[in-house]
Peer 1: 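Take this structure first; my questions come after.
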Amino acid sequence: MTEHPTSSYERPQPGADPAEARGALLRTPKPNGTSALPAQARADGPPSGPGTTAPCGKGNKGKEPPVNGPEHSQPATTETDTHRPRPAPEAIPPQPGAEEEKAPGGQERRTGRGLPPGRPMPMRRDGDRLRFVGAATRRIARGIDLDEIVMGLCRATVPTFSDAILVYLRDPLPVGDERPTGPVVLRLRRTDRIPDERDTEGLLLPPFPEPEPEPSALSELSSLTTELCEVRPGGALNEVLRGVRPVFADAPAARAALPELLGEGSEAVVPGGQHAILAPLRGRRRVIGAALFLRRPERLAFEADDLLVAAQLATHSALGIDKAVLYGREAYIADELQRTMLPETLPRPTGVRLASRYLPAAETARVGGDWYDAIPLPGSRVALVVGDVMGHSMTSAAIMGQLRTTAQTLAGLDLPPQEVLHHLDEQAQRLGTDRMATCLYAVYDPVTHRITIANAGHPPPVLLHLGGRAEVLRVPPGAPIGVGGVDFEAVELDAPAGATLLLYTDGLVESRLRDVWTGIEQLRERLAATAQLTGPDHPPPLEALCDEVLDMLGPGDRDDDIALLAARFDGIAPSDVAYWTLDPEETAPGQARRLARRALARWDLEELTDSVELLVSEVVTNAVRYASRPVTLRLLRTDVLRCEVGDDVPQLPRLRQARATDEGGRGLYLVNRLARRWGATRLSTGKVVWFELNRA
């Protein structure tokens, strides 16, 4: 501690950041009420004399790195008002001063009277600077993304600290420990200047009847500066950025760096003297940009202590930008993970229309364990799945992805719903003892208009009938997946044409404000009320119905993420289905051609007769060659014509290129060339080979 007759300073602790206000601006007032500002030494000037104290910084053995600027020391001022009012919370504080100093021309230096409207005088005491830095850093810290932080920096400094500011950031911004490749490029991210009238966070500055200031280059910052600049290795701008410390624009290093930063002809932007400060923005690992603070020539120039204020603002802004970039990367990863875990698009199976919604628990928790899926099955059927893994974290999303993949694999084997849940339960136990989830698996058959449902501890589905009646389906609840040793039970229910099945997760119906059964009843009433709007003969539009369901959520009802899957059952009319059973004999292909020709004539599709006869003959011939049980043939007339041939042989046919000397092996080649789509699916009793043809 170094004492003086008029003032005293408290030395900051060794290792403190020189940009911290507590290490550079705090002081201990003397009982006589005098105060002084710390002096700052010039890089090439004499050492600090008696009565001055240099703040300590890291990596310099307790001595602060020199700042490129002239030495300034502030004379002591006598405090006459010891009870100054505190500034409004979270606002840029006013700049009070008990002693009224007269600026040149008879203008009051403390109140700013006689100055243009909205142009406060620079801060003259360390207390003013501390309050300003505190309010400014709070405003900067409120931002959570890059734009909010940069805007907070600009709004906090203009006009209280400077008349204009230019913020340059690296393009692209490095993320975390990434080592950028290529040249360092700075992009002008934002420019702000003092407007004609300024409202600083609710503190209206009194309008004084003074003439408008003469137009200057500060009013045309965007047009006078370049948007991109490349930092040349070994150049003047690179040296200033490596120095980290803010410098006045009239310093030799800054004078050489500004044309590189702003472009040629930038002298019109930067005022002369110490009316500009160039402050590098350094994040956790590296310099990520620069900020240029500007004052008009008619305003008082910056002082040496303003370099410390600029350093504090630059440090907080750079660290905030660094964290915002990391948060943005994490949010991007979370979004991509959730997007890949959920189906990108829903299929369009025959006889059913689908719509879905997914809502995360919150903006800060974008991933969760809720999922939905729709999987086409053989025989024009479709599997509808909705599940919920405990929690809404990255781990929950990863487990959800594994369970969803397992469910898709099991669905491809055409297992019954209860068997699918049984295998999912075994998979969850292999993932860990505490991996639990609920799941509901349903299979809809549009030909029989029936649906088979198995439940594993999930909320029951709601079926909205065509007349507007909504009912909660009575499905055995079962135990959650991961419990182990539990048998699951499936039920088969009617699925009439025009009805809508709604599958959802508990986040839609359960919250801290209501239990799950109260929410289910509210959902049922909401569906019934929505159906009444469209009348008894027309079901509500599927997408609009999903939006109406989500609108039932109140402000405090979002405790968990939500997955929603709606299925509108259209079905396939019996008159559009033709089904036969053929014995595995040599006459089966000819019989199949005759049956197909009659069905096409009944449906007025004679133009497809030649193609259908050829393809049916090839597929049936391949089936009866290896089958030991009767072969099934089914034709379905929907928006396309679909043909399905089933047998008891589990081996799937493969498309191959037949040699010129081969007598066979060209059947699937013809199917691949003539059919719109084709495929083969393995069943528990064999397989089904199918193909589709356009009706037009």
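We're numbering straight along the sequence, starting at 1.
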Peer 1: Quick one: do D306 and R129 satisfy side chain to side chain contact (heavy atoms under 4.5 Å, CB included)? Show the steps, please.
Peer 2: CA-CA 8 Å; D306 291 328; R129 288 185 171 88; 3.3 Å; yes
Peer 1: Is there a donor-acceptor pair under 3.5 Å between the side chain of T137 and the backbone N or O of V133?
Peer 2: yes
Peer 1: Shortest non-hydrogen contact from I140 to S317?
Peer 2: CD1-OG, 3.4 Å
Peer 1: Is it true that a side-chain atom of H316 and a backbone atom of A141 form a donor plus acceptor pair closer than 3.5 Å?
Peer 2: no
Peer 1: If you look at every heavy atom in R296 and D163, which pair is closest and at what distance?
Peer 2: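 Closest approach of R296 to D163, heavy atoms only: N-OD2, 2.8 Å.
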Peer 1: Might you point out which heavy atoms bring I288 and D322 nearest each other, and give the distance in Å?
Peer 2: CD1-N, 4.4 Å
Peer 1: Once you round to the nearest 0.5 Å, how far does CD1 of I321 lie from CG of L173?
Peer 2: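 One finds 7.0 Å between CD1 of I321 and CG of L173.
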Peer 1: Under a 4.0 Å N-O cut-off, is there an ion pair linking R189 with D171?
Peer 2: no
Peer 1: Mind checking whether R255 and D250 have side chains closer than 4.5 Å, heavy atoms only?
Peer 2: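 Result yes, sub-4.5 Å side-chain heavy-atom pair found.
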Peer 1: Provide the closest heavy-atom pair for V240 versus A254 in the form atom of the first, atom of the second, distance.
Peer 2: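 What the structure gives for the nearest pair is CG2-N, 4.3 Å.
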Peer 1: Assess the residue pair V309 and I277 against the criterion (side chain to side chain contact (heavy atoms under 4.5 Å, CB included)); give the C-alpha distance rounded to whole Å, side-chain angles, the decisive distance to 0.1 Å, and a yes or no.
Peer 2: CA-CA 11 Å; V309 175; I277 294 178; over 6 Å; no
Peer 1: Counting C-beta onward and ignoring hydrogens, is there a side-chain heavy-atom pair between L278 and L261 closer than 4.5 Å?
Peer 2: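 Contact flag for L278/L261 side chains = yes.
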Peer 1: Grab the two heavy atoms, one from A236 and one from A253, that are nearest each other, plus how far apart they are.
Peer 2: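 Scanning both residues, the minimum pair turns out to be CB-O, 4.2 Å.
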Peer 1: Any side-chain donor-acceptor pair under 3.5 Å between Y358 and D561?
Peer 2: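 Note: Y358 and D561 side chains meet the donor-acceptor criterion.
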Peer 1: Y168 versus L292: any side-chain heavy-atom pair under 4.5 Å?
Peer 2: no
Peer 1: Under 3.5 Å, side chain of T157 to main-chain N/O of C154, donor-acceptor pair present?
Peer 2: yes
Peer 1: Within the structure provided, determine whether L342 and S356 are in side-chain contact (heavy-atom separation under 4.5 Å).
Peer 2: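 Side-chain contact under 4.5 Å: no.
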Peer 1: Within a strict 4.5 Å, meaning less than it, do heavy atoms of the L308 and R245 side chains meet?
Peer 2: yes
Peer 1: Is the shortest distance from a Lys or Arg side-chain nitrogen in D547 or R357 to a carboxylate oxygen in the other one below 4.0 Å?
Peer 2: yes
Peer 1: Can you classify the ring geometry of F302 versus F161 as parallel (below 30°), tilted (30 to 60°) or perpendicular (above 60°)?
Peer 2: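 Tilted: the ring planes of F302 and F161 meet at 30° to 60°.
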Peer 1: Mind checking whether L146 and Y327 have side chains closer than 4.5 Å, heavy atoms only?
Peer 2: no
Peer 1: To the nearest 0.5 Å, tell me how far M151 CE sits from R139 CZ.
Peer 2: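 Answer rounded to 0.5 Å: 9.5 Å.
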Peer 1: Between NZ of K323 and CD of E330, what distance do you get to the nearest 0.5 Å?
Peer 2: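 Between K323 NZ and E330 CD, I get 12.5 Å after rounding to 0.5 Å.
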Peer 1: Do R170 and V184 come within less than 4.5 Å of each other through their side chains, counting heavy atoms only?
Peer 2: yes
Peer 1: Is there side-chain contact between D370 and M400, with heavy atoms separated by less than 4.5 Å?
Peer 2: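 Result no, sub-4.5 Å side-chain heavy-atom pair not found.
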Peer 1: How far does CG of L294 sit from OG1 of T191, to the nearest 0.5 angstrom?
Peer 2: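 So the CG of L294 and the OG1 of T191 are separated by 10.5 Å.
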Peer 1: Search all heavy atoms of A314 against all heavy atoms of P280 and return the closest pair with its distance.
Peer 2: CB-O, 3.6 Å
Peer 1: Which value, rounded to the nearest 0.5 Å, describes the distance between L319 atom CG and L281 atom CG?
Peer 2: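 That separation rounds to 10.0 Å.
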Peer 1: Working to the nearest 0.5 angstrom, can you tell me the gap between I562 CD1 and T505 OG1?
Peer 2: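 OG1 of T505 is found 6.5 Å from CD1 of I562.
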Peer 1: Return yes if some donor-acceptor pair links the side-chain N/O of R295 with the main-chain N/O of L300 below 3.5 Å, else return no.
Peer 2: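 Yes, R295 side chain to L300 backbone: donor-acceptor pair under 3.5 Å.
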